[in-house]
Number of protein chains: 2
Amino acid sequence: MRPSRTSREEILQKLSQVFRRDGYTGASLADLANAVGLGKASLYQKFPDGKAQMGEEVLAEIGRQFDGEVLAPVREAGPIDRRLSKMLAGLRKFYEDGKLPCALDTLSLGEAGQLYRHPLSEAIRHWQEALTNLGEEAGLSPAKAAVWAEEVVISIQGALVLSRAANDPEIFRRAVKRLGKCLADSR
Amino acid sequence: MRPSRTSREEILQKLSQVFRRDGYTGASLADLANAVGLGKASLYQKFPDGKAQMGEEVLAEIGRQFDGEVLAPVREAGPIDRRLSKMLAGLRKFYEDGKLPCALDTLSLGEAGQLYRHPLSEAIRHWQEALTNLGEEAGLSPAKAAVWAEEVVISIQGALVLSRAANDPEIFRRAVKRLGKCLADSR
DNA sequence: GTCTATAATAGGATAGAC
DNA sequence: GTCTATCCTATTATAGAC
């Protein structure tokens, strides 16, 4: 019997929390092992290439989770407003109402930025692409839709940074709320 | 003769580059000493409390620099548009056209976030305050001015994160350019 | 003031028992 | 599969020479 897939998913979930909170350098193997509830040596059994591999698989897992919780609603059929507000609800959950940082931020610092260059830019591209399509469906020109998509991603990232630095998750919640009203304004 | 003030300023300038690029945990004493051009022991002569003190003084120095290069133009007399565009030029210089991260981002991760809680939130408050005043002078209601100020700060922070993660400083330049046109839209 | 040398500890990674 | 024990290197920090 092959190793259960959910189990690894759960491990990656725990690991991702540490990486997102503390960044790549800030996440020590002791922290990571602790979060998973295993010894360091056991982690190396599952990730023979060590921390770098953990980060890589965590990024992939985060990407899948983001796709399911945030982007799937954007792409489904139905009225634009409903899909947008489902995405915003997904974002609130994914970022735990502004209390959990984004890996695009915390895994792009220093050495990690080089290490994960491609997955990071691909993740951004996917997000913007889904939003651009939504913007066009809402009646924006391709150019305006692309700008709107970029501004949405920027707003989320900026609000997360500000919430963390100011220690005030309300900043994130306010920003999400404003995004619910701004599609019409871009027209 | 007491130690020259510019010399310490220059040291803090070098240190701040490392902290901003690599974050608090990512900046090792070897990196920091190297950037300054001194041995590690010499750094401890100047900062007896080590890395924590360096970060603290770096944040203070960054605050002064930001105040001079970015916020001073916002507060000076003259037409609103001119002051806004001077701020944007200041931002482009301060963030080296999107290539140098903001300390609000990279020094708010993990342990550093707790360590520098107060200077970080104070820095944000100062920035938002100056922008809110500008917004009111431009004719916005106090409430709308506060929202506009928050959105400007969010846009800058988000654009910096995105530029870094996507490895594309153009994202930052575009965002700054858009900020030059958005004050009127908030009215 | 700055350096070399060195201590003390933490971090990443592996060996081998169970 | 997981653990204890261990290795090696990097990191923070200090002592003491110049």
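Quick note: numbers below take in every heavy atom, side chains included, and nothing from hydrogens, waters or symmetry partners. Proteins get letters first, then strands, A, B, ... in listed order; numbering begins at 1 in each.
Rounded to whole Å, atom P of C/dT4 lies 11 Å from atom NZ of B/K40. For A/M54 and C/dG11, the CE to P distance is 14 Å, given to the nearest whole Å. A/F47 places its CZ atom 15 Å from the P atom of C/dT14, with the value rounded to the nearest Å. Atom-to-atom, CD of B/Q53 to C1' of D/dA13 comes out at 14 Å; the value is rounded to the nearest Å. D/dA17 atom C1' lies 14 Å from atom CD of B/Q45, rounded to whole Å. With rounding to whole Å, B/L32 atom CG is found 8 Å from D/dT12 atom P.
Judged by the 6.0 Å distance and 45° axis criteria, B/R173 is not positioned over the aromatic ring of B/Y95.
When distances run from any side-chain atom of B/L29 to the nucleotides C/dA13, D/dA13, D/dT2, the shortest one goes to D/dA13. Closest to the A/L38 side chain, of the nucleotides C/dG1, C/dG12, D/dC3, is D/dC3. Set against C/dT14, D/dA15, C/dT2, the side chain of B/A41 has D/dA15 as its closest nucleotide.
When the side-chain nitrogen and oxygen atoms of B/K46 are compared with OP1 and OP2 of C/dT2, one or more of them lie within a distance under 4.0 Å. Within the 4.0 Å cut-off from OP1 or OP2 of C/dC3, at least one side-chain nitrogen or oxygen of B/S42 is found. Distances shown here put every side-chain N or O of B/Y44 at or beyond 4.0 Å from the OP1 or OP2 atom of D/dT14.
Nucleic acid contact for A/S28: sugar-phosphate only, since backbone atoms but no base atoms lie under 4.0 Å from a heavy atom of the residue. Here A/A52 lies out of heavy-atom contact (under 4.0 Å) with every strand. Here B/A33 lies out of heavy-atom contact (under 4.0 Å) with every strand. Contact annotation for B/K51: backbone-only contact, meaning every heavy-atom pair under 4.0 Å involves sugar-phosphate atoms and none involves a base.
The closest donor-acceptor contact from the side chain of A/R21 to the backbone of A/L100 lies at 3.5 Å or more, if one exists at all. Although no hydrogens or angles enter the test, the distance criterion places a donor-acceptor pair under 3.5 Å between the side chain of B/T106 and the main chain of B/F19.
Summarising the geometry, atom CG belonging to B/L109 is positioned 12.0 Å from atom CZ belonging to A/R20; distances are rounded to the nearest 0.5 Å. To the nearest 0.5 angstrom, A/L32 atom CG is 7.0 Å from A/L43 atom CG.
Classification of A/R75 and A/D67 as a salt-bridged pair holds, one side-chain N sitting under 4.0 Å from a carboxylate O. Under a 4.0 Å N-O distance rule, the pair A/R8/A/E61 does not qualify as a salt bridge.
Within residues 107-118 of chain B, no residue is approached by DNA chain D to less than 4.0 Å at the level of any non-hydrogen atom.
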